[in-house]
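A quick write-up on the structure given underneath.
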Amino acid sequence: MNHPDLLRKIGDFVPCPFVFSSGEAGSEELLYLNRAFLDQIGYDYEDLSNVQDWFLLAYPDPEYRESKRTDWYSMIKEAKEGGKDTVFVTTQIRLKSGEDKWYEIKCSMWENYFVVAFIDIDEVYRQREELQRRNDFKDRVLSVLTHDLRGPLTQVGSLAELMLITDIAPEDKELFSKKIINELKSVTDFINNTAHWASANFGYLNIKKELFNAEELFSELVSFYGAIAQMKKVGLSLQVKPPSLISTDKEIVKIILRNLISNALKFTPPGKNVIITAGLQDEKFKFQVEDEGMGIDPEHLKDLREGRLSSRLGTIRERGLGIGLSICFDMAKRLDAFLDFESEPSKGTRAILLV
């Protein structure tokens, strides 16, 4: 057996994908792809005649490709000028299968020869990204949790104290009582949302499907939020088209709908309406909460879809963290349901949930 054959057999034995090339940096010719490279990365000799073919295939986005190519050869140049013989970079590449994966790429250089190895770090990298996302989200929640709870609780305390020490008319007492109830409901919603977010993000959420009546669920929610609508002088109507039986996780659907209705009321001014409808549509059950409120601007809607918290004040300065709708998107995804919004600033919003 000659030396090249022996080296190929040794290279094919190595479980890590690697490439052997030679030539001037930037115009190298690929001499050898080991078995792990062919199996895991996927490109073969017909795909890659030189290193430029690699950049075209591994980085299909032109801007990202140019950035990676410039950085790579800059590092090689600096290493050679500094008397070093290795460089490495962390990057995301497109496999022949079409999948995008993260790799740590290490290059060893000797004269005009290059050995480039690929270390699969995709799972570790994505876990780190997810951990960072959760930590950022947690920090954001904790940073405003005290502030958002202090306001409603302070107002409840002030109203209760005022009712005790002041001789007020019966109609004013009824108004104060409604305000206290609404503030307490707001606090309850906030605490529930925080608890649901924690469950969803730390692996405690289990899907439990059951058969239930959507009309009964909606009636329960409308009854719960009726006092808030009445106080704000917002019309709240419900229409469920039969058949209204649905099989899914009732509690998760309830969490999503509570948030949709709560937000619709929050951003709808007095004299306008919130209209709730439900019914079958193309073998899916469609829940819709439509309001005549402030609407959602495109940038804010993009934040919600991407899981970023973005707080806004309601029409009577109700506070909110933005955690509720973020939870809605997350839970809809876990339920294999579709949730989206159609909105136009100053004209209103339509929230659509397909289960």
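In terms of the side-chain contact (heavy atoms from CB on, under 4.5 Å) criterion, residue partners of L57 (sequence neighbours excluded) are, by chain and number, Y43, D47, L48. Partners of T90 according to the side-chain contact (heavy atoms from CB on, under 4.5 Å) rule, which considers only residues two or more places apart in sequence or in another chain, are W102, E104, I121, Y125. N50 meets the side-chain hydrogen bond (donor to acceptor under 3.5 Å, both in side chains) test with no other residue; sequence neighbours excluded. A search for side-chain contact (heavy atoms from CB on, under 4.5 Å) contacts involving L245 returns L211, N213, not counting sequence neighbours. With sequence neighbours excluded, the residues forming a side-chain contact (heavy atoms from CB on, under 4.5 Å) with Q288 are T277, K286, E290, R350, I352, listed by chain and number. Applying the side-chain hydrogen bond (donor to acceptor under 3.5 Å, both in side chains) criterion to S49, with sequence neighbours excluded, gives D53.
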Legend entry - Worked check of side chain to side chain donor-acceptor pair (under 3.5 Å) between Q92 and D100: CA-CA 6 Å; Q92 187 180 51; D100 292 323; 5.1 Å; no
Legend entry - Audit row: E220, K254, salt bridge (Lys or Arg N to Asp or Glu O under 4.0 Å) steps and yes/no: CA-CA 10 Å; E220 176 187 337; K254 184 188 289 189; 3.1 Å; yes
Inset, instruction - Determine, step by step, whether K77 and E81 satisfy the side-chain contact (heavy atoms from CB on, under 4.5 Å) criterion, reporting the C-alpha distance in whole Å, the side-chain angles of both residues, the deciding distance to 0.1 Å, and the verdict. - result: CA-CA 6 Å; K77 182 181 178 181; E81 290 175 350; 3.1 Å; yes
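We find that R126 and D122 are joined by a salt bridge, their nearest charged nitrogen and carboxylate oxygen being less than 4.0 Å apart.
In this structure, K208 and E251 have side chains that are not in contact, with every pair of non-hydrogen atoms separated by 4.5 Å or more. Side chains of F18 and I41 form no contact here, defined as non-hydrogen atoms less than 4.5 Å apart.
Of the possible polar contacts, none joining the D249 side chain to the K209 backbone as a donor-acceptor pair under 3.5 Å is found. The backbone N or O of E292 lies less than 3.5 Å from no partner atom in the side chain of K347, so there is not a single donor-acceptor pair. In this structure, the side chain of Y45 engages the main chain of L33 through a donor-acceptor pair within 3.5 Å. For Q40 (side chain) and P15 (main-chain N/O), a donor-acceptor pair under 3.5 Å exists by modelled atom type. For E299 (side chain) and D297 (main-chain N/O), no donor-acceptor pair under 3.5 Å exists by modelled atom type. In this structure, K106 contributes its side chain and V89 its backbone to no donor-acceptor pair below 3.5 Å. The main-chain N or O of C16 is found under 3.5 Å from a side-chain atom of N34 such that the two form a donor-acceptor pair.
Geometric assessment of R69 against the ring of F55 yields a positive cation-pi assignment under the 6.0 Å and 45° thresholds.
No single ILVMFWY cluster, assembled from side-chain heavy atoms under 4.5 Å apart, contains both Y225 and I275.
Between F20 and Y113, the two ring planes are parallel [angle under 30°; tilted spans 30° to 60°].
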